[in-house]
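Below is one structure, written out as structure tokens, with a few remarks after it.
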There are 2 protein chains.
Amino acid sequence: MTWETARMNDKARRSSEFDRIARYFAPLAASFPGAFGLTDDAAVIAPADGTELVVTTDTIVAGVHYIGDEAPDLIAAKLLRVNLSDLAAMGSRPCAYTLNIALPSSIDDLWLEAFARGLAEDQETFGVTLIGGDSVSTPGPPVFTLTAFGEVPFGAAVRRAGARPGDLVFVSGSIGDGALGLRARQGNLGGLSDLHRTALAERYQKPVPRIELGKRLPGLANAAADVSDGLAADLGHIASASEVAMTIKAASVPLSPAARAALCTDARLIETILSGGDDYELIFCVPPDLSCAVATLAKEFSLPLTKLGVVTRGSGVEILDEDGNPVLLATSGFRHA
Amino acid sequence: MTWETARMNDKARRSSEFDRIARYFAPLAASFPGAFGLTDDAAVIAPADGTELVVTTDTIVAGVHYIGDEAPDLIAAKLLRVNLSDLAAMGSRPCAYTLNIALPSSIDDLWLEAFARGLAEDQETFGVTLIGGDSVSTPGPPVFTLTAFGEVPFGAAVRRAGARPGDLVFVSGSIGDGALGLRARQGNLGGLSDLHRTALAERYQKPVPRIELGKRLPGLANAAADVSDGLAADLGHIASASEVAMTIKAASVPLSPAARAALCTDARLIETILSGGDDYELIFCVPPDLSCAVATLAKEFSLPLTKLGVVTRGSGVEILDEDGNPVLLATSGFRHA
């Protein structure tokens with residue numbers, strides 16, 4: 001059921017939910033014919049000729065997945081962006097999404113208006129459209145589920161499985177800003193300048209999904225993932241799914257000026273950088289004879305694409321320091337195969 | 001992100017979540033190649049040649065959308081079935097679904113095992129497969145979001161909009177059992193026999209989506225919806241979306257033996273029957289020259305398909321009693337256009 005509240009004890013709220021949907025969410029679906037103005041039992045989505053659909057979904061809970069006092073438009077934008085990042089990691093072009101919201105009565109229309117505004121801005125930025133969802137009440141904290149759809153040429157989705165010994169491992173952008181940004185938001189990293197703290201917090205609050213890069217991965221990368229759980233863990237996911245090992249040089253991990261400054265104030269932050277997560281950069285494995293194509297893409301997108309290391313036979317991910325000794329991560333949550 | 005818990009305060013739980021997913025949910029996705037064993041960033045779904053995808057989604061909250069003490073397998077089955085009912089109302093063939101669960105720590109593995117068993121049984125019954133989802137923790141009540149996918153021949157989805165003056169309005173099965181079943185579950189309807197109370201409660205807890213009928217609606221029905229909000233309200237949704245009026249005879253509304261018995265004990269229950277909802281029958285509007293095809297379908301499926309009334313010019317739904325006077329519904333939540 002698209003954008004109708006369910007029934008049991010919810011009937012009294014229903015007409016106001018209808019109004020909310022018509023007011024805040026139907027405009028977000030106006031440009032997608034198959035959304036039927038959010039007034040039908042379901043939506044219809046037809047992938048373009050020669051493509052298939054990629055589907056990803058995330059649920060976030062207030063106080064668990066975000067701090068709770070974030071601006072509603074930032075919560076909306078991040079929820080959408082982390083899903084778009086997954087679509088990019090599969091090599092697909094994002095096109096549409098559904099949204100399910102469970103809200104306590106403390107959430108008022110002003111909040112919802114800002115939340116919808118955050119979605120509207122990102123729809124414009126990323127070329128996606130709301131096509132359906134559900135709105136219900138809860139006595140608990142707000143819970144949001146977003147399910148995003150992308151198109152990928154038939155059979156061309158880039159999976160985690162597929163990396164081969166000899167592949168080079170690349171990463172986009174810079175690593176560590178997301179996890180350091182969370183610390184900055186929590187009032188830590190006091191040794192940093194305001195400028196750097198703000199830069200990190202922004203990366204945490206409004207990550208940039210690497211959509212243009214993702215669309216170019218089919219035919220180039222044997223395997224890919226986005227960095228959400230942490231660089232070490234997500235490299236581990238690829239290694240495990242591909243049944244290969246990886247050797248990574250810690251000194252190669254690309255850092256932003258702010259992350260570099262943070263590391264100067266406390267060398268132990270390397271742990272946060274390598275295993276903290278929330279970066280939403282792409283990691284991808286490329287056969288060595290295609291590495292010049294990666295350099296070309298980096299130029300085209302003005303986006304650093306840095307070689308981290310190589311894929312080898314075996315299992316697990318080894319991160320080596322400048323002396324060739326393994327960097328031990330206590331809290332990466334990284335699981336070997 | 002498919003079946004990974006998000007990150008912020010959730011890291012400690014993550015490995016147990018991975019285990020839960022591998023143990024209870026990955027088996028539900030084993031037969032769908034594009035689900036990648038629930039271990040990738042996203043799933044891939046390709047509608048069959050000549051078809052497009054129908055997407056519908058529902059969120060339920062413990063204590064709001066179900067009583068709270070239901071058996072986990074029944075909660076799972078109902079959540080899946082109400083979504084399959086929406087797919088049937090669009091004329092599509094259900095094929096896959098994603099599932100997002102936000103659970104408090106009070107939910108243990110035994111509960112999850114039973115929940116997954118309910119899904120497994122219904123996957124078998126209805127020919128659908130889990131393809132992805134998300135599992136997170138919440139300090140609030142359990143919240144479940146299920147998003148279901150169906151295939152429909154290109155351009156053939158049956159919408160709420162499309163009913164034309166002169167169309168005949170049909171309904172499948174019987175109406176009122178869902179809402180009466182909720183009352184029975186709540187300990188009401190004491191005047192009924194145990195047999196009837198049990199029959200009603202079962203209809204409430206385990207509705208039967210009319211999938212085979214739904215698949216036959218394209219080319220037959222000009223408009224359709226499922227009865228989830230209540231017969232009066234859902235007829236109103238079709239009338240409103242189609243910009244037509246409907247005249248319905250209350251005496252034509254098909255009742256089960258149990259509902260008929262309930263109405264004998266208290267004539268005011270007609271209100272519950274007509275506006276209570278949770279029936280998950282299909283209502284559909286058919287041009288008069290195709291009404292014999294409806295009779296043929298009823299025979300083929302051994303399923304009552306009852307003519308309720310006609311579509312006329314105008315707006316709104318008028319339900320008439322045997323003397324031709326309008327039946328007034330106080331609590332239908334029915335909204336005119």
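Just so we're clear, the structure is a prediction, and the values are computed from it rather than from any experiment. The figures here come from the full heavy-atom set of this structure, side chains too, leaving out hydrogens, waters and symmetry mates. Chain naming here is simple, since letters A, B, ... match the order of the sequence lines and numbering starts at 1 in each.
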| query | So which of V44(A), L53(A), V61(A) has the biggest tally of heavy-atom pairs under 4.5 Å with chain B? | reply | L53(A)

| request: Spell out, as yes or no, whether a donor-acceptor pair under 3.5 Å connects the side chain of T56(B) to the backbone of D41(A). | output: yes

| said: Non-hydrogen contacts under 4.5 angstrom with chain B: give the residues of residues 147-155 of chain A involved, or none if there are none. | reply: T147(A), F149(A), F154(A)

| Is it the side chain or the backbone of A102(A) that comes within 4.5 Å of chain B heavy atoms, both, or neither? | side chain

| task | For T272(A), check side chain to side chain donor-acceptor pair (under 3.5 Å) against everything at least two apart and list the hits. | result | R183(A)

| note | Here the pair of heavy atoms bringing T138(A) nearest to P141(B) is OG1-CG, 3.8 Å

| task | List in chain and number order the residues that pass salt bridge (charged side-chain N to carboxylate O under 4.0 Å, His left out) with E243(A), two or more places apart in sequence or in another chain; answer none if no residue qualifies. | result | none

| field | With R159(B) via side chain to side chain contact (heavy atoms under 4.5 Å, CB included) - residues at least two apart | value | F36(A), D40(A), A161(B)

| What part of A157(B) is in contact with chain A, defined as an atom under 4.5 angstrom from a non-hydrogen atom: side chain, backbone, both or neither? | side chain

| Under 4.5 Å from a heavy atom of chain B, the part of V143(A) involved | side chain

| A46(A) and E52(B): which non-hydrogen atoms are nearest, and at how many Å? | CB-OE1, 3.4 Å

| request: Compare all side-chain heavy atoms of V64(A) with those of P139(B) and state whether any distance is below 4.5 angstrom. | output: yes

| message | Can you tell me which residue among D58(B), T57(B), N100(B) is in a side chain to side chain donor-acceptor pair (under 3.5 Å) with N100(A)? | response | T57(B)

| query | chain A heavy atoms under 4.5 Å from T98(B): which part of the residue, side chain, backbone, both or neither? | reply | side chain

| note | Bottom line for A224(B): the part with an atom under 4.5 Å from chain A's heavy atoms is backbone

